[in-house]
Trainee: 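Have a look at the structure that comes next, please.
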Number of protein chains: 2
Amino acid sequence: MKALSEAGLRLFLERGLDGVTIDDITQAAGVAKGTFYRYFEDQTALVEALLGPVRRELLDGMEACGRALASAREVEAMFEAYRAVAAIIASALLQYPGVVRLYLQECRGPAVGARVKIVELARLVSRHAVDITEKAHTHGLLRPIRPAVSGLAVVGAVERLLLAVLSEEDIGNPLELPDALTTLVLDGLRLPPGTQPGRRKMDGRPGRP
Amino acid sequence: MKALSEAGLRLFLERGLDGVTIDDITQAAGVAKGTFYRYFEDQTALVEALLGPVRRELLDGMEACGRALASAREVEAMFEAYRAVAAIIASALLQYPGVVRLYLQECRGPAVGARVKIVELARLVSRHAVDITEKAHTHGLLRPIRPAVSGLAVVGAVERLLLAVLSEEDIGNPLELPDALTTLVLDGLRLPPGTQPGRRKMDGRPGRP
DNA sequence: CCAAATAATGACTATTTGGTCACTTTTTTT
DNA sequence: AAAAAAAGTGACCAAATAGTCATTATTTGG
């Protein structure tokens, strides 16, 4: 059964959810076809089994962040809530890198067949992200941009960077990512006015007066 | 032939690239199966035909942005180069909304079969984005964050917002998106220090001293 | 050591699918 | 109008596929 899950995940990543047959999976796992159906009703069930743990951790983490933020009145509490989510994501990345990659790879496809649960999770993640942004917004902690826009932008940025990490694109030390993202999202790309163009500060901190 | 392209695109969006058969397409287009093979060698060829125009416009636009930025020494020139890319994207969105959606939906999947050209385009887009960021970075116009990180983050944010627009998620007036994105990316989410929490400015401009 | 329960097998069926091709219909050219 | 060219058709084939099930192998409990 573990052999089936592992083979399935590997093949899904290589060929896409819809590009893998039950025969492929059982052959790769080194078992007979009938064995697959002893453990999973169909391909969809296998995907759900793979996604389950990540789904729980992620949704729990985001809900906790929402609750924490509901009572946050200061910027520091907001940062702390965001950091907690980042920790959840990092944990999932370390425990289930393949599943996270599968999510990133399939989450924007049409919600059909084996992909429904993945797309459903993606919708929940986006909704939570917007809710969280909405809360911070209500408390006046954020710039006056529609939460639906900034929340989704952050989701997109984070997901793209996770993909880069998992695809081993060259983005430097992954451990520096949360800091870089924080700087990026919270303080923006643009060099703060007053700093001399050409003389870059190298410590990566915001450094506004 | 147009009927085939349109039916194919519609079905690809409904069921995913790998979830559509030639029979599905010809049936939806109301032609016989053999007719498909008169115009396209296989499904991959149809996808390439669909993607072609968008691919050209997008890559041309990004290359132009790179060239413009190569000579940019001031922040204003940089903004102008970004605005030009935004215009290209908006144009593609209006002319070929379905194809853009197909790109967003499939661009992170494994580069297999009919998806290879889409994934290839996605790689080029990311590479260009990082190159562009690199250029702006070299000129000292940006914060000291690795261009590979900030460039990919912007790609991710933009792609997620485009998906939202095309999926008719509620993000308000799409015409305000470029401005929101600019504010978001260039000036950051965080309320500038010095502004009173709770008293939000409503004009959406940065407003730093 | 034996019997019952559990797990694994792979041949088999019914369908689906990509691709072909001899033929018919429509359009263009002469 | 006749001939030639182009477009369109759908039956057909071989390969692939989801799912079943009678049979065999293995494990477990007494």
Trainee: Under a 4.0 Å N-O cut-off, is there an ion pair linking A:Arg10 with A:Glu14?
Mentor: yes
Trainee: Enumerate, in order of first residue number, the stems that involve DNA chain C, defined as 3 or more consecutive Watson-Crick or G-U wobble pairs with both distances under 3.5 Å.
Mentor: C:1-30 with D:1-30
Trainee: Mind checking what makes side chain to side chain donor-acceptor pair (under 3.5 Å) contact with A:Glu120, not counting sequence neighbours?
Mentor: A:Arg55
Trainee: Compute whether any side-chain donor of one residue and acceptor of the other, for B:Glu134 and B:Thr138, lie under 3.5 angstrom apart.
Mentor: no
Trainee: Any side-chain heavy atom of A:Leu9 within less than 4.5 Å of one from A:Glu6?
Mentor: no
Trainee: Using whole Å, report how far CG of A:Asp18 lies from P of C:dT16.
Mentor: 17 Å
Trainee: For A:Glu48, enumerate each residue passing the side chain to side chain contact (heavy atoms under 4.5 Å, CB included) test, keeping only those at least two apart in sequence or located in another chain.
Mentor: A:Thr44, A:Lys117
Trainee: Expressed as a whole number of angstroms, how long is the span from B:Arg38:CZ to D:dG10:C1'?
Mentor: 14 Å
Trainee: Could you name each residue pair satisfying ring-ring contact (aromatic ring centres under 6.0 Å, His included) that touches residues 95-136 of chain A, not counting sequence neighbours?
Mentor: none
Trainee: Using whole Å, what does the distance between atom P of nucleotide C:dT17 and atom CD of B:Gln27 come to?
Mentor: 10 Å
Trainee: Give a yes/no answer on whether the side chain of A:Tyr39 brings an N or O atom under 4.0 Å of OP1 or OP2 in C:dA8.
Mentor: yes
Trainee: Count the heavy atoms of every other residue, nucleotide or ligand shown that sit under 6.0 Å from CZ of A:Arg123, and state whether that count exceeds 12.
Mentor: no
Trainee: Once side chain to side chain donor-acceptor pair (under 3.5 Å) is applied, what residue pairs with a partner in residues 25-36 of chain B remain, sequence neighbours excluded?
Mentor: B:Asp23-B:Lys33
Trainee: Starting at CZ of B:Phe36 and ending at P of C:dC21, how long is that distance when rounded to a whole Å?
Mentor: 18 Å
Trainee: Using a 4.0 Å heavy-atom cut-off, does A:Phe40 contact any base of the nucleic acid, only the sugar-phosphate backbone, or nothing at all?
Mentor: nothing
Trainee: What nitrogen or oxygen pairs link the protein and nucleotides 15-20 of chain D at under 3.5 Å?
Mentor:
from, atom 1, to, atom 2, distance (Å)
D:dA18, OP2, A:Ile22, N, 3.2
D:dA18, N7, A:Lys33, NZ, 2.6
D:dG19, OP2, A:Tyr37, OH, 3.4
D:dG19, N7, A:Lys33, NZ, 3.2
D:dG19, O6, A:Lys33, NZ, 3.2

